[in-house]
Amino acid sequence: ISLQLCSNELFCYKIKFMIKLIGECTINLFESLKFIFSKNFRFKECINQIANIGADSLAIAGTIVFITGAVISLQLSKQFAMSGTEGYIGGVVTFAIIRELGPGFAALAISARSGTAMAAEVANMKITQQIDAMKTLGVSPIGYLFAPRLVAATIAIPLVSIIAQLIGIIGGIIVAYATVELHPNMFIYSIWTFMDAKDLFIGIIKAAAFGLLISLVCCTQGYLTNGGAKEVGIATTKAAMYSTIVLFICDLILSWIFFT
C-alpha cells in the first residue's frame with residue numbers, strides 16, 4: 001500500500017510540475033514577445049546565439065540526416081528496382097526527409113547540443129543569484145536571457161534544417177547509385193516530379209516552431225532551477241526530456257494541420 005501511495009504521489013507531483021512548466025512557458029513567451037518588439041532587444045546577442053546554435057549544431061544535424069537519407073535509400077532502392085519503379089526512389093526519399101525527418105532530426109540534434117546548453121547556462125545563473133541581481137538592477141531576466149535565444153533558435157533551426165536536408169538527399173543519391181546504379185539525374189528528376197514548394201515551406205514552418213519551443217522549454221526549465229550544482233544537472237536532463245516530448249507533440253499537431 002505504501003509503495004502504491006508513493007507512486008501516486010510521484011505521479012501527482014509530475015503532473016503538477018508539467019502544468020507549472022506549461023504555465024511558466026506561456027508567461028515567459030508573452031513577456032519575451034513584448035521585449036522582442038521593444039527598443040531594448042539585444043540584436044548583437046541574438047546574432048551571437050544564432051552563430052552558436054547554427055554553427056555548433058550543423059555538423060551533428062548534417063551527419064544524422066545524411067545517414068538517415070542513406071538508410072532510407074538503402075531500404076527502398078532494391079525493393080523499388082525489383083518492381084521496376086526505381087524512378088520513384090528520389091521522390092520518396094526526399095519526400096520523407098523534407099516533410100518529416102529533416103526538420104525533426106535537425107531539431108533533436110540542436111535540442112541535445114544547444115538546448116541543454118541554454119538550460120545549464122540559465123540554471124547556473126539562477127543558483128549563483130545572477131538573475132536576482134538583474135531583478136535588483138531593474139533588468140528583466142526574461143527579456144535579457146530568453147528573448148535573444150528564442151529569436152535565434154527560431155531562425156537558426158530552419159537554416160540548419162535546410163542544409164541538413166540537402167545533405168540527406170545527397171546521402172540518398174550516393175546510396176541509390178551504389179546499390180541499384182540509379183543515375184543522379186533520374187534521382188533528381190524524381191524529386192522535381194514528386195515535390196512541391198509547399199512541402200519545403202511546411203518543413204521550414206515545422207523547424208521554426210521546433211526552434212521556438214525547444215529554446216522556450218529549455219530556458220524555462222533552467223529558470224525554474226533552485227538549489228546547488230546538482231540541480232543544474234537535473235535541470236539539464238529534464239530540459240532535454242521535456243523539449244523532446246514537446247517537439248514530437250508539436251510535430252503531430254502540425255502534421256495533422258497541414259496533411260489532413
Side-chain angles (χ1 to χ4, degrees), residues 50-51 53-114 153-214 244 247-248 250-260:
I50 291 173
I53 295 170
D56 293 348
S57 305
L58 181 59
I60 302 171
T63 302
I64 292 174
V65 180
F66 176 85
I67 295 172
T68 302
V71 169
I72 296 173
S73 183
L74 181 65
Q75 294 182 354
L76 293 179
S77 294
K78 289 189 177 180
Q79 303 299 325
F80 277 42
M82 288 172 59
S83 59
T85 55
E86 61 270 14
Y88 296 104
I89 295 173
V92 174
V93 171
T94 306
F95 195 78
I97 290 175
I98 288 182
R99 274 198 174 191
E100 195 66 38
L101 301 177
F105 283 164
L108 282 174
I110 291 174
S111 174
R113 168 63 184 82
S114 300
T154 305
I155 295 172
I157 292 184
L159 297 177
V160 172
S161 175
I162 291 171
I163 298 173
Q165 288 168 9
L166 179 60
I167 295 172
I169 293 169
I170 293 172
I173 292 174
I174 293 172
V175 172
Y177 183 76
T179 52
V180 295
E181 297 183 355
L182 180 69
H183 196 278
N185 288 341
M186 184 176 290
F187 192 103
I188 295 171
Y189 178 77
S190 178
I191 294 174
W192 289 115
T193 304
F194 266 78
M195 301 304 299
D196 192 1
K198 175 186 173 183
D199 298 310
L200 182 61
F201 180 68
I202 291 172
I204 293 173
I205 291 177
K206 277 189 173 185
F210 294 162
L212 176 64
L213 291 174
I214 287 170
T244 302
L247 189 152
F248 282 113
C250 177
D251 187 27
L252 174 62
I253 293 171
L254 291 178
S255 296
W256 187 280
I257 292 171
F258 288 121
F259 303 129
T260 57

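FYI, side chains are in, hydrogens and waters are out, and symmetry mates aren't considered; it's all heavy atoms of this structure. The structure presented is a predicted model; accordingly, all values stated were derived computationally and were not measured.
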> Hey, are the side chains of Ser255 and Glu100 touching, using non-hydrogen atoms and a 4.5 Å cut-off?
Replying inline: yes
> Does any pair with a residue in residues 57-68 pass side chain to side chain donor-acceptor pair (under 3.5 Å), and if so which ones, sequence neighbours excluded?
Replying inline: Ser57-Ser114
> Does any non-hydrogen side-chain atom of Leu76 lie less than 4.5 Å from one of Tyr88?
Replying inline: no
>> Quick check: do Phe210 and Leu108 have side-chain heavy atoms less than 4.5 Å from each other?
In response: no
> Are Ile202 and Arg99 close enough that some pair of their side-chain heavy atoms sits under 4.5 Å apart?
Replying inline: no
>> With heavy-atom distances below 4.5 Å as the criterion, would you say the side chains of Val65 and Phe105 are in contact?
In response: yes
> Going through the checks in order, is the side chain to side chain contact (heavy atoms under 4.5 Å, CB included) test met by Ile167 and Phe66?
Replying inline: CA-CA 5 Å; Ile167 295 172; Phe66 176 85; 3.5 Å; yes
> Hey, are the side chains of Ile204 and Ile162 touching, using non-hydrogen atoms and a 4.5 Å cut-off?
Replying inline: yes
> Between Phe187 and Thr94, is any pair of side-chain heavy atoms under 4.5 Å apart?
Replying inline: yes
> What are the two closest heavy atoms between Gly211 and Ile157, and how far apart are they?
Replying inline: CA-CD1, 3.1 Å
>> Show the nearest heavy-atom pair for residues Ile89 and Ala176, with the distance to one decimal.
In response: CG2-CB, 4.4 Å
> Listed by chain and number, what are the salt bridge (Lys or Arg N to Asp or Glu O under 4.0 Å) partners of Asp196, not counting sequence neighbours?
Replying inline: none
>> By the side chain to side chain donor-acceptor pair (under 3.5 Å) test, which pairs, at least two apart or in different chains, include something from residues 163-174?
In response: Ser161-Gln165
